Amino acid sequence: MSSSETELSRDAYERLQAELEDLTTRGRVDVAQRIEAARALGDLSENGDYHAAKDDQGKMEARIRQLKAMLDKAVIKQGGGTEGDITIGSVVEIRYEGDDDTERYLLGSIEERHEEHAVMSPGSPLGQALMGHVAGDTVEYEAPGGSLKVEIVSVS
């Protein structure tokens with residue numbers, strides 16, 4: 001994968017496609033209507049509604065550009081490994097060496113946001129170390145504070 005590509009699960013890709021469609025249709029129409037309504041109020045130099053709508057329009061257009069660029073270079077990854085291997089889209093439960101508590105992460109792009117799990121980038125040191133391993137493995141990786149070991153408790 002090149003640095004300009006974004007690995008996404010099929011679900012995340014479809015969700016981002018739907019978001020882009022919504023922003024380029026309904027979103028643009030809504031903002032245009034808000035700008036027009038604010039213009040009708042008169043003096044634009046001190047019109048808070050107008051400036052807020054223009055600010056929202058700028059943020060929305062930036063998100064549209066971001067989504068288009070990401071989706072143009074998206075690589076869909078799902079189920080690429082053998083059964084139980086950690087791949088993009090896997091939910092991984094890990095336990096740090098010397099710790100009794102476990103942590104669960106969804107391995108993928110930040111765009112893979114999930115309500116139940118924090119997202120871990122596959123390009124992070126821990127993400128790279130976990131890729132291709134299975135439950136029961138112990139992996140070691142270099143963190144800014146030194147070398148750390150984690151046990152892979154489960155993969156789903």
Side-chain angles (χ1 to χ4, degrees), residues 1-81 85-96 99 101-133 139 141-145 148 150 152-156:
M1 183 177 97
S2 78
S3 61
S4 64
E5 293 176 336
T6 302
E7 290 184 339
L8 297 171
S9 67
R10 170 66 58 193
D11 289 343
Y13 182 83
E14 290 172 359
R15 182 177 45 78
L16 294 174
Q17 282 280 61
E19 180 184 352
L20 178 61
E21 177 70 20
D22 182 57
L23 289 175
T24 56
T25 55
R26 185 201 53 80
R28 282 181 170 158
V29 170
D30 289 350
V31 167
Q33 289 173 345
R34 287 180 44 216
I35 290 170
E36 198 55 41
R39 276 190 181 140
L41 297 175
D43 184 14
L44 298 182
S45 64
E46 294 184 22
N47 186 329
D49 290 342
Y50 174 79
H51 292 291
K54 289 297 280 183
D55 187 49
D56 289 347
Q57 181 184 39
K59 289 176 185 175
M60 183 185 64
E61 291 299 329
R63 179 66 176 162
I64 288 170
R65 286 190 302 276
Q66 177 190 28
L67 287 171
K68 283 182 178 180
M70 187 183 321
L71 292 170
D72 284 347
K73 294 180 171 102
V75 175
I76 298 172
K77 298 285 184 179
Q78 193 150 315
D85 283 3
I86 297 173
T87 61
I88 302 298
S90 295
V91 175
V92 182
E93 184 174 4
I94 60 172
R95 179 182 303 116
Y96 283 91
D99 197 353
D101 296 331
T102 62
E103 299 175 15
R104 292 176 65 88
Y105 296 99
L106 173 68
L107 193 65
S109 162
I110 191 65
E111 295 296 342
E112 300 279 351
R113 289 187 291 277
H114 198 277
E115 298 82 35
E116 297 176 28
H117 310 292
V119 176
M120 178 190 311
S121 169
S124 69
L126 178 54
Q128 289 176 357
L130 292 173
M131 293 294 282
H133 287 277
V139 297
Y141 71 101
E142 284 299 318
L148 295 173
V150 297
I152 303 168
V153 177
S154 67
V155 179
S156 56

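Since the model is a prediction, treat every value here as computed from it, not as a measurement.
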Practice item. Would you sort out whether M60 and V31 count as a side chain to side chain contact (heavy atoms under 4.5 Å, CB included), showing the intermediate values? Key: CA-CA 9 Å; M60 183 185 64; V31 167; 4.1 Å; yes

Point to revise | Closest approach of M131 to P122 (non-hydrogen atoms, all atoms of both residues) | key: SD-CB, 4.4 Å

Revision key, fill the gap. One should read off an interatomic distance between T102 OG1 and E93 CD, to the nearest 0.5 angstrom, of 3.5 Å

Practice item. Kindly compute the distance separating CG (L20) from OG1 (T25), expressed to the nearest 0.5 Å. Key: 9.0 Å

Point to revise | Within-4.5 Å side-chain heavy-atom neighbours: Y141 and V150 | key: yes

Point to revise | Residues in salt bridge (Lys or Arg N to Asp or Glu O under 4.0 Å) contact with D22, at least two apart in sequence or another chain | key: R26

Check your understanding: Taking side chain as C-beta onward, heavy atoms only, is L126 less than 4.5 Å from M120?
Key -> yes

Review point. Is it true that a side-chain atom of H51 and a backbone atom of L44 form a donor plus acceptor pair closer than 3.5 Å?
Key: yes

Check your understanding: If you take all heavy atoms of N47 and D43, which pair is closest and at what distance?
Key -> CB-O, 3.2 Å

Exercise for review: Nearest 0.5 Å please: distance from the CD atom of Q66 over to the CG atom of L23.
Suggested key: 10.5 Å

Practice item. Determine whether the side chains of D85 and T87 contain a donor N or O and an acceptor N or O closer than 3.5 Å. Key: no

Exercise for review: Hey, could you give me the CZ/CD distance between R28 and E61, rounded to the nearest 0.5 Å?
Suggested key: 4.0 Å

Check your understanding: Taking atom CD of Q17 and atom CG of L8, what is their separation to the nearest 0.5 Å?
Key -> 10.0 Å

Under 3.5 Å, which donor-acceptor pairs do the side chains of residues 32-39 form with other protein atoms, sequence neighbours left out?
from : atom 1 : to  : atom 2 : distance (Å)
R34  : NH1    : D56 : OD2    : 3.0
R34  : NH2    : D56 : OD2    : 2.8

Review point. Are the side chains of V153 and I94 in touch, meaning some heavy atoms are under 4.5 Å apart?
Key: no

Revision key, fill the gap. For G127 and L107, the nearest pair of non-hydrogen atoms, with its separation, is CA-CD1, 3.9 Å

Practice item. Only counting residues at least two apart or in another chain, list the ones meeting salt bridge (Lys or Arg N to Asp or Glu O under 4.0 Å) with K59. Key: D55

Check your understanding: Among all residues two or more places apart in sequence or in another chain, which pass the side chain to side chain donor-acceptor pair (under 3.5 Å) test with Y105?
Key -> E103

Practice item. Kindly indicate whether the side chain of V91, heavy atoms from C-beta on, has any atom under 4.5 Å from the side chain of R104. Key: yes

Review point. Do L71 and Y13 come within less than 4.5 Å of each other through their side chains, counting heavy atoms only?
Key: yes

Review point. Rounded to the nearest 0.5 Å, how far apart are NE2 of H133 and OG of S90?
Key: 12.5 Å

Practice item. Find out whether I152 and L130 are in side-chain contact, i.e. whether some heavy atom of one side chain is under 4.5 Å from a heavy atom of the other. Key: yes

Exercise for review: Show your reasoning for whether side chain to side chain contact (heavy atoms under 4.5 Å, CB included) applies to L41 and Y50.
Suggested key: CA-CA 9 Å; L41 297 175; Y50 174 79; over 6 Å; no

Review point. Quick one: salt bridge (Lys or Arg N to Asp or Glu O under 4.0 Å) partners of R65, sequence neighbours excluded?
Key: none

**Study point:** salt bridge (Lys or Arg N to Asp or Glu O under 4.0 Å) partners of E19, counting only residues at least two apart
**Key:** R63

